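As structure tokens, the structure follows; a few thoughts come after it.
A quick note: this is a predicted structure, and the numbers were derived from the prediction, not measured. Quick note: numbers below take in every heavy atom, side chains included, and nothing from hydrogens, waters or symmetry partners. In what follows, every chain begins at residue 1, and chains take the letters A, B, ... in the order their sequences are listed.
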Amino acid sequence: MSFRKFINEANEAIKFGLKRLDIQNESYSLSEPAKENFGDLSCNVAFLLAKRLQKSPSEIASILAEQCNHYFDTLVTKSQSYVLSVVAHESGYINFKGDFGLIGKEIISDILKNQLNLDTGKRTKVIIEHTSVNPNKALHVGHLRNVVIGDTLYRILKKTNHDVTVLNYVDDSGLQVADILVGFLFLRFPVEPSDKKTKFDQYCGNAIYVKVNELYEKDPSLIEKRKSLLRKLESGDTEIVSFASEITSKVLKDQLRTCWRMKVRYDLLNFESHIIRSNLWAKTFEKMRKEKIILKESEGENIGCWVFNSIEEGTKIIVRSDGTATYMAKDIPYALLKVGTIEDPFKYRVFIKQWDSTDLWITTSDESKNGDHPIFFPAEYSVTVIDNRQSRLQKIIKEILSKFESKPNKYLHLSYGPVLLSSRTATSLGINTDYQKSTQMSGRKGIYVDADFVLDTLYGKAKDETMKRNPEINGNDLDRTSEEIAISAMRYSLIKNDLEKEIKFDLNDSLSLDGNSGPYLQYAYARCCRLIEKANEKTFDGDVKYLSEKIEERILKHLSKFEMTIDNTTKNLEPKLVAQYVYELATLFNLFYEILPILKESNPNTSKARITLVEAIRQIMRINLSLIGITPLERM
RNA sequence: GGGCCCAUAGUUCAGUUUGGAUAGAAUGGCUGCCUGCGGAGCAGUUGGUCGAGGGUUCAAAUCCCUCUGGACCCGCCA
């Protein structure tokens with residue numbers, strides 16, 4: 001926590017100074033100044049005191065700075081101070097300069113000895129639910145945002161020693177599944193796509209789902225057929241259920257292929273049909289009724305319905321007058337299960353082995369399968385990754401949960417803005433944009449950009465670039481490298497921005513491998529690797545005191561902020577902070593590489609120190625890249 | 001109608017939580033830098049009434065109010 005120690009010490013110095021001037025209860029902020037030549041930390045307290053003391057900020061700053069300096073006399077050994085100087089600026093700021101000789105020495109040592117302190121989780125059990133795409137279509141770029149946010153969060157929480165379980169909820173008995181069943185059973189779509197190379201999820205989504213929805217308008221009798229299929233699905237009609245299960249699991253496996261390609265993994269799949277059969281809903285309903293969380297309306301427009309009266313959101317129907325549960329109601333038992341309000345009724349078996357050789361589990365009704373399995377439920381807190389259109393429902397679920405539990409905030413909704421198509425991209429897909437700036441995607445209407453298609457296109461582009469630079473590269477390395485570059489471009493572009501902002505997806509722009517992009521980060525890492533390889537060092541024991549150039553100090557400072565950045569990321573659930581951190585590190589490194597000789601430096605002490613610095617950068621970069629799911633490449 | 005989110009350079013975005021010093025990147029345009037540690041790089045240049053108006057403050061992109069423009073949610077659909 002090197003940089004934080006520096007902040008703490010500066011804070012102590014300010015407090016000390018204020019005390020000596022007999023000033024109490026003054027709040028202030030200690031922040032990084034806009035420009036580096038003002039120092040490393042600035043305090044605004046003099047501005048705040050101006051009125052109270054009837055003096056100018058400038059005057060107060062200089063008096064206070066002098067008192068602050070006495071703080072360092074109280075330290076046992078001044079050489080252990082992280083603060084190099086405290087000076088009052090005429091503007092009124094008190095500026096602190098850090099001792100990056102000392103801070104740098106500590107952070108480099110921590111990095112190289114693998115002694116970074118990232119354990120903020122202390123084995124806290126966390127459940128993350130993400131992806132949860134209906135199993136009737138292939139993933140589009142909008143789904144990928146969800147997948148990548150969820151997986152990045154998983155990686156960060158895992159690294160900070162949280163005990164993380166990743167769930168993927170599969171709605172295998174809903175309307176959207178009934179839609180493709182209509183296609184197969186009534187419109188006679190073949191059970192296999194005519195072109196064997198077509199992925200089954202794409203076949204269902206692109207050919208059948210869209211077509212069926214078009215036909216509903218021309219032939220309303222199909223809607224009746226869908227309704228009857230849905231009833232059979234819910235009532236457990238053996239023939240239909242088993243056919244549906246065959247279809248959805250084929251789609252699901254293809255969806256998982258796309259997710260795995262993105263280096264995403266899960267622990268458990270929860271099928272809606274299993275939850276229905278498990279009796280969880282019945283228990284939940286009973287409980288809500290008993291505790292008077294929901295009430296039966298005896299008059300008015302909702303007569304005969306069981307409703308929840310939300311304080312802020314008004315009346316919400318939970319059970320219809322015909323006794324069936326609404327869409328939202330089905331999420332309640334799942335939420336209760338996650339936070340431990342109801343007991344886990346499931347038995348488990350391994351569904352499939354994943355790309356990282358971990359097991360992906362599913363629930364099962366097979367009585368014999370209840371041997372050793374990980375403990376999935378419950379968690380200390382649960383994070384559900386769903387886009388912001390679901391905010392209202394998530395809020396109501398959270399409110400219902402709070403009726404069961406006195407402890408708040410165990411159930412979190414990680415909200416994000418949807419991915420829209422830029423008008424250029426929409427037009428290129430033949431969609432009439434009506435001169436709008438961007439277009440909502442819709443699986444049902446066929447308005448979307450397929451995830452695999454984008455990855456394939458990126459892959460092709462990365463391959464061209466890689467071949468240009470490495471004419472001698474062999475086929476396997478070329479394929480692997482190109483794929484990793486494609487994934488890094490995709491993943492980075494989906495998390496580098498603020499979660500709440502919509503992403504306007506433009507196919508052309510997303511194909512860029514330059515600038516603030518995933519491949520830029522990988523390139524910086526590869527450069528580090530080549531330097532280390534050529535340096536042929538084993539020990540990395542260069543002395544930080546030879547790193548006195550401005551750029552070197554900036555790098556040491558940035559490295560020292562790593563633990564703090566990760567801490568903020570987990571506290572605020574903001575994956576972009578990691579992306580921004582590693583981008584800045586890559587930028588600083590590229591600059592360093594450009595302006596200073598490393599291997600060619602004539603002073604051996606300086607050269608050794610620089611090589612050590614490169615190694616530290618490389619380590620931090622490697623950790624950060626893996627946190628955001630980008631594979632560090634030694635060559636590209 | 002109620003709720004929620006957004007608006008910063010031609011474009012895509014940081015910065016807003018916690019007010020502070022000359023508002024930063026990337027991309028596009030223009031221009032330099034490879035017999036040199038890898039040019040997927042670096043540097044320079046171009047480009048801003050921070051949607052508008054008002055308020056609070058010594059100080060507002062940031063806080064408050066009003067307005068405008070855009071998106072989304074508000075069903076006994078999922």
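The closest side-chain donor-acceptor pair between A:Asn44 and A:Tyr28, if any, does not fall under 3.5 angstrom.
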Taking Watson-Crick (N1-N3 plus N6-O4 or O6-N4) and G-U wobble (N1-O2, O6-N3), each under 3.5 Å, can you produce the dot-bracket string of RNA chain B? Use [ ] for crossing pairs and | for inter-strand ones. (((.(((..((((......[...))))((((((.......))))))....(((((..]....)))))))).)))....
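Between the side chain of A:Arg530 and the base of B:G38 there is at least one donor-acceptor pair of N/O atoms closer than 3.5 Å. Judged by distance alone with a 3.5 Å cut-off, a donor-acceptor contact links the side chain of A:Ser42 to the base of B:A21.
Atom CG in A:Asn497 sits roughly 12 Å away from atom P in B:A7 (whole-Å rounding).
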Contacts under 3.5 Å, N or O only, protein and nucleotides 74-78 of chain B:
| from | atom 1 | to | atom 2 | distance (Å) |
| --- | --- | --- | --- | --- |
| B:C74 | O2' | A:Arg392 | NH2 | 3.2 |
| B:C76 | O3' | A:Arg320 | NE | 3.2 |
| B:C76 | O2 | A:Ser321 | N | 3.4 |
| B:C76 | O2 | A:Ser321 | OG | 3.0 |
| B:C76 | N3 | A:Ser321 | OG | 2.7 |
| B:C76 | N4 | A:Glu301 | O | 3.3 |
| B:C76 | N4 | A:Ile303 | O | 3.1 |
| B:C77 | OP2 | A:Arg320 | NE | 3.4 |
| B:C77 | O3' | A:Arg320 | NH2 | 3.4 |
| B:A78 | OP1 | A:Arg320 | NH2 | 2.6 |
| B:A78 | OP2 | A:Arg320 | NH2 | 2.4 |
| B:A78 | OP2 | A:Tyr327 | N | 3.4 |

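Dashed line: the shortest gap from a side-chain N or O of A:Arg389 to OP1 or OP2 of B:C4 is not under 4.0 Å. At the phosphate of B:C5, neither OP1 nor OP2 sits under 4.0 Å from any side-chain N or O atom of A:Lys501.
With B:G38, B:A21, B:C58 as the choices, the nucleotide that has an atom nearest any side-chain atom of A:Phe47 turns out to be B:C58.
Aromatic rings from A:Phe96 and A:Phe6 are positioned such that their centres are separated by 6.0 Å or more.
Heavy-atom distances under 4.0 Å link RNA chain B to A:Lys576, A:Gln580 of residues 573-580 of chain A, given in residue order.
The stretch residues 519-536 of chain A participates, sequence neighbours left out, in these salt bridge (charged side-chain N to carboxylate O under 4.0 Å, His left out) pairs: A:Arg530-A:Glu533, A:Glu533-A:Arg635.
Using a 4.0 Å cut-off between charged side-chain N and carboxylate O, A:Asp567 and A:Lys571 make a salt bridge.
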Give the B/S/- string for nucleotides 23-30 of chain B, one per nucleotide from 5' to 3', where a protein heavy atom under 4.0 Å of the base yields B, of only the sugar-phosphate yields S, and otherwise -. -SSSS---
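For the side chain to side chain donor-acceptor pair (under 3.5 Å) test, residues two or more places apart in sequence or in another chain that qualify with A:Glu129 are A:Ser132, A:Lys338.
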